[in-house]
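See below for the structure under consideration.
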Number of protein chains: 2
Amino acid sequence: MRILLIHSDYLEYETKNKTGIAEEIPEDKMKGHFTESLVVFTAVEAEDEENPDSVIENAVNEIVRVFGDVKADNVVIYPYAHLSSSLSSPKTARRVLEGMEEALRERGLEVSRVPFGWYKAFRISCKGHPLSELSRTIRPEPLKEEEESEES
Amino acid sequence: MRILLIHSDYLEYETKNKTGIAEEIPEDKMKGHFTESLVVFTAVEAEDEENPDSVIENAVNEIVRVFGDVKADNVVIYPYAHLSSSLSSPKTARRVLEGMEEALRERGLEVSRVPFGWYKAFRISCKGHPLSELSRTIRPEPLKEEEESEES
Ligand SMILES: [Mg+2]
C-alpha cells in the first residue's frame with residue numbers, strides 16, 4: 001500500500017461519473033466537505049493481497065501516529081489509485097479501505113471515507129508545515145503458518 | 001519518473017520553510033496562482049539517473065499529448081517526491097524538472113515551475129472529468145553505445 005497523508009484546512013469532493021468498479025453510495029455521500037482533516041490518499045497494491053488484514057493494521061498504526069503528531073480533528077480516507085502502478089483487485093481495495101475506516105473508528109478517531117470507483121472533482125488545501133505532507137509504503141506481514149492453516 | 005497530471009480550475013501555492021535541498025528563488029516565486037492548468041506533479045526516480053535526457057523527452061511527449069486532450073491553458077510543473085519511494089539525487093531531479101520546463105516552452109506551451117525543495121502550502125481544484133486525473137510511469141531509454149562514447 002502507498003499512502004499520502006495531507007494535513008488539510010479543508011477537503012471537498014463531488015462525485016461525477018462512475019467507473020466500472022464504482023461502489024453504490026447513498027445520496028449523502030455524493031458530496032463531502034471536511035475541515036482540519038488528515039486526508040489519507042490510499043492505493044492498495046497487488047502485494048497487499050497476500051495479507052490484507054496486516055496491511056490494514058500497519059496502515060492504521062501509522063495513521064494514528066501521524067494524526068497525533070499533526071493534531072488533526074478527523075481522518076478522511078480517499079481512494080487514490082494514482083499512487084501506485086501495481087494495484088490490487090478492486091475487491092481487495094474496497095475490503096482494505098473499509099477495514100481501515102472501521103479500525104480507525106475503533107481507535108476512537110472521527111473517520112470519513114470517500115467513495116471508491118467514481119470520478120470526482122475535489123478541492124484541497126494543504127497547510128504546508130513540515131508534517132503536512134507525508135508518504136509511506138505499508139507492507140503486508142507474511143502470513144504465519146498457523147494463520148494459514150486456520151484459514152484452510 | 002512518476003507523474004500525476006491534474007487538470008485544475010486553479011492551483012495556488014506559498015513557500016514556507018526551506019528543506020536542506022531548497023533552490024534559491026526570487027521574491028516573485030515565493031507564491032504562485034494559476035488557472036485552467038495541467039498541473040504535473042513530478043517525482044524523478046533513481047533509475048532516471050541513467051539517461052535523464054530521454055526521461056525529459058518521454059515525459060514532455062506525454063504531457064503535450066494530455067495537454068492537447070484536456071485543452072488546458074498552461075502547464076505547471078510541481079516537484080512531488082511523494083509519488084515515489086525510490087528518488088533520484090536532488091541534483092538530477094532539478095536538472096530534469098528544469099529540462100522539462102525548457103522543453104515544454106520550446107514546444108510552444110505556457111509553462112511555470114514551482115520551487116524545488118521547499119515546504120509549501122497549496123490549494124488545488126481538480127475538475128473531475130475522466131481525464132482530469134492521470135498518472136504515468138516514464139522510463140529512461142537505455143543509452144546507445146554511440147551516445148555513451150560521445151560523452152566519454
Ligand atoms: Mg487542529
Side-chain angles (χ1 to χ4, degrees), chain A residues 1-20 22 30-33 35 39-43 45 47 66 70 78-87 114-115 117-139, chain B residues 1-20 22 30-33 35 39-43 45 47 66 70 78-87 114-115 117-139:
Chain A
M1 173 188 288
R2 285 280 297 172
I3 54 175
L4 169 64
L5 304 117
I6 303 275
H7 188 202
S8 64
D9 302 302
Y10 59 80
L11 169 78
E12 301 174 312
Y13 76 87
E14 300 100 41
T15 51
K16 300 278 187 183
N17 298 330
K18 283 183 182 186
T19 70
M30 302 286 278
K31 294 184 179 199
H33 176 87
T35 57
V39 182
V40 184
F41 292 96
T42 305
E45 296 185 287
E47 68 182 284
V66 174
V70 301
Y78 199 117
Y80 214 71
H82 298 299
L83 296 179
S84 176
S85 53
S86 172
L87 296 172
V114 169
W118 292 75
Y119 294 110
K120 292 176 285 284
F122 70 89
R123 290 163 294 287
I124 190 168
S125 173
C126 170
K127 289 178 177 286
H129 63 73
L131 296 178
S132 66
E133 284 179 87
L134 300 169
S135 55
R136 297 284 184 266
T137 302
I138 309 288
R139 297 286 177 221
Chain B
M1 173 187 289
R2 285 280 296 172
I3 55 175
L4 170 64
L5 304 117
I6 303 274
H7 188 203
S8 64
D9 302 300
Y10 59 79
L11 169 77
E12 301 174 313
Y13 77 87
E14 302 99 40
T15 51
K16 301 278 188 183
N17 299 329
K18 283 183 182 186
T19 71
M30 301 286 277
K31 293 183 179 200
H33 177 87
T35 57
V39 182
V40 184
F41 292 95
T42 305
E45 295 185 289
E47 68 183 283
V66 174
V70 301
Y78 198 116
Y80 214 70
H82 298 299
L83 296 178
S84 176
S85 52
S86 172
L87 296 172
V114 169
W118 292 74
Y119 293 111
K120 292 176 284 285
F122 70 89
R123 290 164 294 287
I124 191 168
S125 173
C126 170
K127 288 177 177 286
H129 63 72
L131 296 178
S132 64
E133 284 179 88
L134 301 169
S135 54
R136 298 285 185 263
T137 302
I138 309 288
R139 298 286 177 219

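Letters go in sequence order (proteins before strands), and every chain restarts at 1. Since this is a predicted model, take the numbers as computed values, not measurements.
- Proximity to chain B (any heavy atom under 4.5 Å) is shown, for A:Glu14, by neither the backbone nor the side chain.
- Every residue was checked against the side-chain hydrogen bond (donor to acceptor under 3.5 Å, both in side chains) condition with B:Thr15, not counting sequence neighbours, and none meets it.
- Distance alone, capped at 3.5 Å, places no donor-acceptor pair between the B:His82 side chain and the A:Leu4 backbone.
- Heavy atoms closer than 4.5 Å to chain B are found in the side chain of A:Tyr10, but not in its backbone.
- If you measure heavy-atom distances from A:Leu134 to chain B, the contacts under 4.5 Å come from the backbone alone.
- For a residue to count as touching a neighbouring chain, one of its non-hydrogen atoms must lie under 4.5 Å from one of that chain's; by this rule A:Phe41 does not touch chain B.
- In this structure, the portion of A:Arg2 lying under 4.5 Å from any heavy atom of chain B is its side chain and not its backbone.
- Scanning all heavy atoms of the two residues, the minimum distance from A:Lys127 to B:Lys16 falls at O-CE, 3.9 Å.
- Of the two parts of A:Thr137, only the side chain, counted from C-beta on, holds a non-hydrogen atom closer than 4.5 Å to a non-hydrogen atom of chain B.
- Of the listed residues (B:Ser85, B:Ser8, B:Ala81, B:Gly128), the one with the most heavy-atom contacts under 4.5 Å to chain A is B:Gly128.
- Neither the backbone nor the side chain of B:Glu12 comes within less than 4.5 Å of any heavy atom in chain A.
- Options A:Ser125, A:Cys126, A:Ser132 differ in how many heavy-atom pairs under 4.5 Å they form with chain B, and the most are formed by A:Cys126.
- For B:Ser84, the part lying under 4.5 angstrom from a heavy atom of chain A is the backbone only.
- Of residues 117-124 of chain B, those residues with a non-hydrogen atom less than 4.5 Å from any non-hydrogen atom of chain A are, in numerical order, B:Tyr119, B:Lys120, B:Ala121, B:Phe122, B:Arg123, B:Ile124.
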